[in-house]
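When a residue number appears, it is its place in the shown sequence, counting from 1. Below, all heavy atoms of this structure are taken into account, side chains as well, without hydrogens, waters or symmetry copies. As the structure is a computational prediction, the values presented were derived from the model and not from experiment.
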Amino acid sequence: SESGKFMTIYPFNKVEFTKIVRELYPLLKKYNGPYILSDKRYLDSKVIYYRYGIITSKIDNNIMKFPEGELEDKRVPFYIQPKYVNDPLEENTPSNLNDSTENILTTNYKDIEAIHFSNGGGIYKAFNLKKQKNVILKEARPYIGISTDNTSISCRKREAAIFEKIEYLKLTPKLNSKFYEWEHYFIEVEKIEGSTISEFTQKHTLVMEKETDHLVNKKKIQVFLLFTRNLLVALKKIQSVGLVINDISENNILITADFRPIFIDLEDAYFLDENVSVRFDIANQYFEDNKKEKLLDFKKDTHKLGYLLMSMLSNSNSLLKKDTSGEQALSSFLYFCKLYRIDPNLFQMIKLMISGNYNNIDELSELIERIEYPYKYNLDEFEDISINKPIVFNEGKIVSIDSFGLSLLIYCDNYIDKKILNIELSILEKLFEEDNLIEINRIISSKEFVGPSLDGGRLEEIYIYIYLLVKTNDIK
């Protein structure tokens with residue numbers, strides 16, 4: 001309901017509301033703007049929309065209270081007129097509007113629920129009434145984009161064309177239909193059953209297991225390697241047709257029950273032979289370093305996927321936020337590999353993906369087949385990249401850290417950041433074992449716990465940070 005709006009006005013009462021709308025109408029009639037699906041358009045204006053609802057969200061679970069009863073203030077991609085409220089703008093009738101905003105969405109779908117909102121358009125799950133199955137709706141809004149040649153709608157249309165063109169590869173959702181809902185463009189694609197990268201990582205991470213528990217860890221490594229094999233096979237197929245994925249993140253890939261990757265977001269993808277005026281490289285500070293720009297298009301994709309695989313094992317890629325060279329991230333990952341006895345061939349494969357120093361995808365796949373677990377090695381067997389830079393806090397205070405593992409924890413400039421390094425759980429466990437502050441699998445509070453990525457329980461995170469400063473001798 002917020003996306004696409006330039007200004008929101010909250011009138012004091014209905015009289016003030018009608019006065020404002022009617023006075024703005026002639027002043028703004030010549031302007032164009034994105035259609036606000038959750039609101040009602042005033043007459044033929046392209047920029048004046050309104051709705052009745054809760055001003056402050058999440059109050060009483062978005063429940064509106066009336067003398068006649070209670071109604072939920074639903075945030076859906078079409079306008080809902082509360083049954084206990086009369087529209088004070090009598091002139092704003094369907095006959096005056098030529099309004100067909102609800103025709104397709106409300107006729108063909110039910111149970112429409114937002115998965116993700118953005119200025120360019122939302123992603124919704126819905127039930128297709130004609131097909132009697134769950135589907136995904138991907139929206140694009142007009143007058144939004146990076147440039148006039150690269151708008152939200154043109155990107156969504158390009159994504160639809162890519163889905164159709166490479167459907168035979170079985171690496172993307174199947175495109176079911178395309179349609180306009182007023183000025184907004186939608187595509188319907190099949191709903192893929194699978195886990196996001198984050199969900200997969202939380203279930204299969206090694207971090208929550210002891211590094212000496214080789215039996216459990218071996219099973220998790222095998223699952224990771226199975227997915228990695230499938231990912232490289234998929235990447236080879238995608239590059240064979242000349243497609244550059246471009247936008248790679250933990251939210252854009254689903255993992256199926258048989259550990260295959262499905263690329264669900266290709267609106268920023270492009271073919272190398274595609275005649276486009278401008279190409280925009282999609283940046284992600286957690287999946288690229290400053291050497292990426294020197295790589296060719298295909299190797300940029302592989303570069304990002306290398307850091308994605310790193311994040312699935314150790315989340316060492318979080319250090320890219322502070323050190324864009326990638327050296328700190330590789331150091332963290334190297335430490336993790338040693339700690340968990342991970343074969344150096346896996347480290348080497350990810351390092352090659354990141355650097356681009358490989359000849360073809362098959363070269364990377366061959367390294368996977370050499371991997372053993374647990375791997376017995378001397379610590380000198382890996383090329384060591386040490387952390388020797390000072391850690392700079394936001395307030396400018398510089399401290400030096402002797403403990404390699406602890407330095408990874410303190411290195412993040414925002415300790416409450418959800419991207420905090422999950423490999424530190426094993427280190428924290430050891431540090432606090434005597435005081436019993438940390439249990440094996442979680443950090444307990446009165447009502448919540450911190451998961452594998454430390455993405456909850458902020459009070460505990462602050463407490464741990466203070467405890468580290470006071471209790472350890474690693475900070476000078």
Side-chain angles (χ1 to χ4, degrees), residues 1-60 62-68 71-106 112 114 116-124 137 139-148 150-156 179-186:
S1 61
E2 297 178 357
S3 183
K5 295 181 180 179
F6 172 70
M7 180 183 296
T8 302
I9 300 173
Y10 299 100
F12 183 72
N13 52 38
K14 289 184 179 180
V15 174
E16 187 176 72
F17 163 71
T18 55
K19 182 176 183 295
I20 291 173
V21 171
R22 288 166 179 162
E23 288 182 356
L24 285 177
Y25 175 68
L27 299 175
L28 302 177
K29 190 173 182 180
K30 65 178 181 179
Y31 294 99
N32 290 314
Y35 192 91
I36 312 300
L37 284 182
S38 60
D39 294 14
K40 187 175 183 180
R41 172 179 278 175
Y42 181 67
L43 297 178
D44 59 350
S45 172
K46 298 294 182 66
V47 294
I48 300 177
Y49 300 84
Y50 62 92
R51 69 186 294 269
Y52 187 97
I54 292 174
I55 293 177
T56 304
S57 63
K58 296 185 179 179
I59 292 181
D60 294 331
N62 285 341
I63 298 299
M64 300 181 291
K65 298 180 180 180
F66 302 92
E68 299 89 343
L71 296 174
E72 180 184 358
D73 184 11
K74 296 181 179 180
R75 306 303 171 95
V76 290
F78 51 84
Y79 177 71
I80 295 179
Q81 176 73 43
K83 63 181 180 180
Y84 300 137
V85 176
N86 295 320
D87 190 339
L89 298 169
E90 299 90 349
E91 69 277 15
N92 205 32
T93 60
S95 60
N96 291 336
L97 289 169
N98 189 26
D99 194 343
S100 60
T101 56
E102 297 185 21
N103 286 352
I104 298 179
L105 287 177
T106 59
I112 300 175
H116 172 71
F117 277 120
S118 72
N119 286 335
I123 308 295
Y124 310 91
L137 297 174
E139 173 195 23
R141 302 169 184 260
Y143 307 108
I144 294 175
I146 300 174
S147 69
T148 55
N150 209 332
T151 65
S152 176
I153 290 180
S154 66
C155 288
R156 191 65 74 200
F179 61 90
Y180 274 93
E181 184 76 355
W182 272 71
E183 291 91 348
H184 286 218
Y185 179 76
F186 284 84

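- Put simply, the side chain of Ser45 does not reach to within 4.5 Å of the side chain of Lys29, judged on heavy atoms.
- Here the straight-line distance linking atom OH of Tyr49 with atom CD1 of Ile36 works out to 6.0 Å at 0.5 Å rounding.
- The heavy-atom pair separating Ile54 from Asp73 by the smallest distance is N-OD2, 2.8 Å.
- Of the inter-residue distances, the one linking Gln81 atom CD with Asn86 atom CG reads 7.5 Å to the nearest 0.5 angstrom.
- Ile153 has its side chain within reach of Pro142: a pair of non-hydrogen atoms, C-beta onward, lies under 4.5 Å apart.
- Atom CZ in Phe17 sits 4.5 Å away from atom CG in Leu89 (nearest 0.5 Å).
- The main-chain N or O of Gly122 is found under 3.5 Å from a side-chain atom of Glu139 such that the two form a donor-acceptor pair.
- Listed here is the closest heavy atom pair of Ala140 and Arg156: CB-CB, 3.6 Å.
- Residue Glu91 comes nearest to Tyr42 through the heavy atom pair OE2-OH, 2.6 Å, listed as atom of the first residue, atom of the second, then distance.
- Contact of the Tyr84 side chain with the Met64 side chain is not registered, since no non-hydrogen atoms from C-beta on lie closer than 4.5 Å.
- We find the CG-OH distance between Asn32 and Tyr143 to be 3.5 Å, quoted to the nearest 0.5 Å.
- The residues Arg22 and Glu90 are annotated as salt-bridged, a charged nitrogen and a carboxylate oxygen being separated by less than 4.0 angstrom.
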Evaluate side-chain contact (heavy atoms from CB on, under 4.5 Å) for Lys46 paired with Lys30, printing each intermediate quantity in order.
CA-CA 8 Å; Lys46 298 294 182 66; Lys30 65 178 181 179; over 6 Å; no
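- The shortest heavy-atom contact between Val47 and Gly33 is CG1-N, 3.8 Å.
- Contact between Ala114 and Tyr124 at its shortest, heavy atoms only, is CA-CD2, 3.6 Å.
- Between Phe179 and Phe186, the two ring planes are parallel [angle under 30°; tilted spans 30° to 60°].
- Side chains of Val85 and Leu71 form no contact here, defined as non-hydrogen atoms less than 4.5 Å apart.
- The distance from atom OG1 of Thr93 to atom CG of Leu43, rounded to the nearest 0.5 Å, is 8.0 Å.
- From Ile9, atom CD1 reaches atom CD1 of Ile48 across 9.0 Å, with rounding to the nearest 0.5 Å.
- Looking only at distances, a side-chain donor or acceptor of Lys40 sits under 3.5 Å from a matching main-chain atom of Asn92.
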